[in-house]
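Computed from heavy atoms alone, side chains included, the values below leave out hydrogens, waters and symmetry copies. Naming convention: chains lettered A, B, ... in sequence-line order (proteins, then strands); numbering from 1 in each chain.
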Protein chains: 2
Amino acid sequence: MNLTQATDYAFRAVLYLARKGKGEVVEAQEIAGRENIPLRFLLKILRQLGQAGIVKSYRGVGGGFSLAKAPEEITLLDVVEAVEGPVKINRCLIDPQYCTSQRGGRCAIHRELSLIQNDIIARLGTVSFKKILEREQAF
Amino acid sequence: MNLTQATDYAFRAVLYLARKGKGEVVEAQEIAGRENIPLRFLLKILRQLGQAGIVKSYRGVGGGFSLAKAPEEITLLDVVEAVEGPVKINRCLIDPQYCTSQRGGRCAIHRELSLIQNDIIARLGTVSFKKILEREQAF
DNA sequence: AAAAACAATACTATTTTAGTATACTTTGGA
DNA sequence: TCCAAAGTATACTAAAATAGTATTGTTTTT
């Protein structure tokens with residue numbers, strides 16, 4: 001029932017870029033330094049965020065990363081899925097070959113877990129980075 | 001964002017006992033066989049459920065396990081916590097020593113995750129095994 | 001063309017997961 | 001009384017996931 005460290009880093013990297021605004025390009029090194037994230041690991045994560053269309057990258061001298069969308073268009077769910085793949089609280093719910101109950105994912109437990117999983121996904125989808133920025137201002 | 005296989009087995013073992021009713025003693029071997037769970041692994045899990053006060057064990061010939069409470073008094077949350085310990089979607093939220101943001105768990109991201117975590121815990125706490133049994137009957 | 005920045009792939013150490021093995025204790029019944 | 005059936009306790013282990021690191025390559029600006 002855990003998000004990975006990589007996802008936590010991703011959240012903070014996206015928030016960092018969100019503070020700068022949609023277009024602004026920032027070097028990975030700056031984010032790594034400010035957010036206490038190992039540079040090479042951050043680069044790997046930023047590439048995943050890039051493939052998901054959350055950030056854009058610019059190579060060469062003066063390059064870096066910027067948000068590819070406005071902060072209100074990016075949710076925690078988007079970032080989780082970009083880094084970890086589809087959210088699943090039980091592997092059985094995604095891939096029936098792992099359903100050790102031998103009931104093809106149709107037992108009462110797995111139906112219930114499926115509902116809870118849907119709630120979690122919906123909940124993560126309601127939190128945009130614009131919202132997080134606003135809450136941050138409030139302090 | 002995953003429950004472990006052990007937790008999944010625990011859910012099914014408790015449901016199996018719940019079907020029998022509160023007092024009835026069932027051998028681990030029977031549960032293992034019916035639910036497709038490795039026996040020794042199940043015994044380990046049942047011991048954890050025992051320490052959490054969810055099941056009672058009986059040793060010796062004719063021994064086994066029974067529910068220690070009525071099915072309506074046992075929730076998915078109880079079982080998750082018995083097997084995995086406290087629910088935490090980010091280790092930083094429980095143990096600040098792991099908070100790599102260097103902000104003592106007080107950044108905007110971690111506040112938001114904390115709210116979501118509370119929702120998940122509340123949600124798991126609303127699903128009792130009585131409820132699951134009832135849903136099962138409905139099929 | 002040199003240097004700065006990201007890209008891609010492969011590798012590695014650590015931790016967690018998912019069990020297994022071994023030896024022991026309790027209990028009921030022949 | 002003693003033995004077999006059941007759970008207890010501790011230690012061990014293989015495989016997978018996590019959290020990085022290393023190396024080499026490509027793009028872009030000056």
Side-chain angles (χ1 to χ4, degrees), chain A residues 1-13 17 25-33 35-52 54-66 68 80 83-85 88-92 94-95 97-100, chain B residues 1-13 17 24-33 35-52 54-66 68 80 83-85 88-92 95 97-100:
Chain A
M1 210 60 180
N2 253 295
L3 296 167
T4 65
Q5 186 63 48
T7 301
D8 192 56
Y9 289 154
F11 286 152
R12 279 151 50 196
L17 290 172
V25 178
V26 179
E27 284 177 33
Q29 206 162 40
E30 178 180 332
I31 304 173
E35 293 293 333
N36 255 84
I37 306 172
L39 175 61
R40 314 297 306 178
F41 196 33
L42 175 62
L43 283 166
K44 189 150 95 177
I45 293 163
L46 285 166
R47 229 173 303 134
Q48 294 181 281
L49 294 172
Q51 284 171 348
I54 294 169
V55 305
K56 282 168 79 171
S57 73
Y58 302 86
R59 297 169 71 153
V61 177
F65 297 85
S66 72
V80 171
V83 177
E84 301 189 11
K88 49 180 192 303
I89 61 174
N90 186 311
R91 59 184 180 178
C92 160
I94 289 283
D95 190 343
Q97 109 180 61
Y98 284 116
C99 195
T100 54
Chain B
M1 210 58 180
N2 253 297
L3 296 167
T4 64
Q5 186 63 49
T7 301
D8 192 56
Y9 289 154
F11 285 153
R12 280 152 48 197
L17 291 171
E24 192 166 335
V25 178
V26 179
E27 286 177 31
Q29 206 162 40
E30 178 181 331
I31 304 173
E35 293 292 334
N36 255 84
I37 306 173
L39 176 61
R40 313 299 305 178
F41 195 34
L42 175 61
L43 284 166
K44 189 150 96 178
I45 294 163
L46 284 166
R47 231 173 301 134
Q48 295 180 280
L49 294 172
Q51 285 172 347
I54 294 168
V55 305
K56 282 169 77 173
S57 72
Y58 303 86
R59 295 168 73 154
V61 178
F65 297 85
S66 72
V80 172
V83 177
E84 300 189 11
K88 49 180 192 301
I89 61 174
N90 187 311
R91 60 183 179 177
C92 160
D95 190 344
Q97 113 180 58
Y98 285 116
C99 195
T100 54

Please pick, from D:dT8, D:dA19, C:dA5, the nucleotide with the shortest atom-to-atom distance to any side-chain atom of B:Leu43. D:dT8

Check the pair A:Leu17, A:Ile31 against side-chain contact (heavy atoms from CB on, under 4.5 Å), reporting the backbone distance first and the verdict last. CA-CA 8 Å; A:Leu17 290 172; A:Ile31 304 173; 4.0 Å; yes

What is the separation between atom CZ on A:Phe41 and atom P on C:dC11, rounded to the nearest whole Å? 19 Å

Nearest-Å distance, CG (A:Asn36) to C1' (D:dA19)? 15 Å

How long is the span from the CG atom in B:Asn90 to the CG atom in A:Asn2, to the nearest 0.5 Å? 7.0 Å

To the nearest Å, how far apart are B:Gln29 CD and D:dA6 P? 6 Å

Take B:Leu3 and B:Phe11, measure what side-chain contact (heavy atoms from CB on, under 4.5 Å) needs, and give me the verdict at the end. CA-CA 11 Å; B:Leu3 296 167; B:Phe11 285 153; 4.0 Å; yes

At under 4.0 Å between heavy atoms, which parts of nucleotides 23-29 of chain D does protein reach? Answer with one letter per nucleotide, 5' to 3': B base, S sugar-phosphate only, - none. B-BBBBB

Using whole Å, report how far CG of A:Leu39 lies from C1' of D:dA19. 15 Å

Under the side chain to side chain contact (heavy atoms under 4.5 Å, CB included) rule, collect the residues that match up with A:Val25, sequence neighbours excluded. A:Tyr58, A:Ser66

Which heavy atom of B:Ala28 sits nearest to which heavy atom of B:Leu46, and what is that distance? CB-CD1, 4.0 Å

Grab the CD-C1' distance between A:Glu84 and D:dA16 for me, whole Å please. 16 Å

Can you pull out every side chain to side chain donor-acceptor pair (under 3.5 Å) where at least one residue sits in residues 24-33 of chain B? Sequence neighbours excluded, please. B:Tyr16-B:Glu30, B:Lys20-B:Glu30

Looking only at heavy atoms, which two atoms of B:Glu35 and B:Arg12 are closest? And how far apart? O-NH2, 2.6 Å

Grab the CG-C1' distance between B:Asn2 and D:dT18 for me, whole Å please. 13 Å

B:Gln5 CD to D:dA15 C1', in whole Å, measures 14 Å

Would you please name every residue forming a side chain to side chain contact (heavy atoms under 4.5 Å, CB included) with A:Ala6, sequence neighbours left out? A:Thr4, A:Phe41, A:Ile45, A:Val83

Near DNA chain C, counting only heavy atoms under 4.0 Å, which residues of residues 44-51 of chain A show up? A:Lys44, A:Arg47

With sequence neighbours excluded, tell me which residues meet side chain to side chain contact (heavy atoms under 4.5 Å, CB included) with B:Arg47. B:Leu43, B:Lys44

Taking for each residue the nucleotide of DNA chain D with the nearest heavy atom, is it A:Thr7 or B:Val26 whose nucleotide lies nearer the 5' end? B:Val26

Could you work out which one of C:dT20, C:dA7, D:dT18 sits closest to the side chain of B:Pro38? C:dT20

Provide, to the nearest angstrom, the distance between the CG atom belonging to B:Leu42 and the C1' atom belonging to C:dA18. 13 Å

Could you please name the option among C:dC6, D:dA19, D:dT8 that lies closest to any side-chain atom of B:Phe65? D:dT8

Are B:Ser57 and D:dT8 close enough that a side-chain N or O sits under 4.0 Å from OP1 or OP2? yes

Checking C:dG19, D:dG7, D:dG20 against the side chain of B:Tyr9 (C-beta onward), the nearest is C:dG19

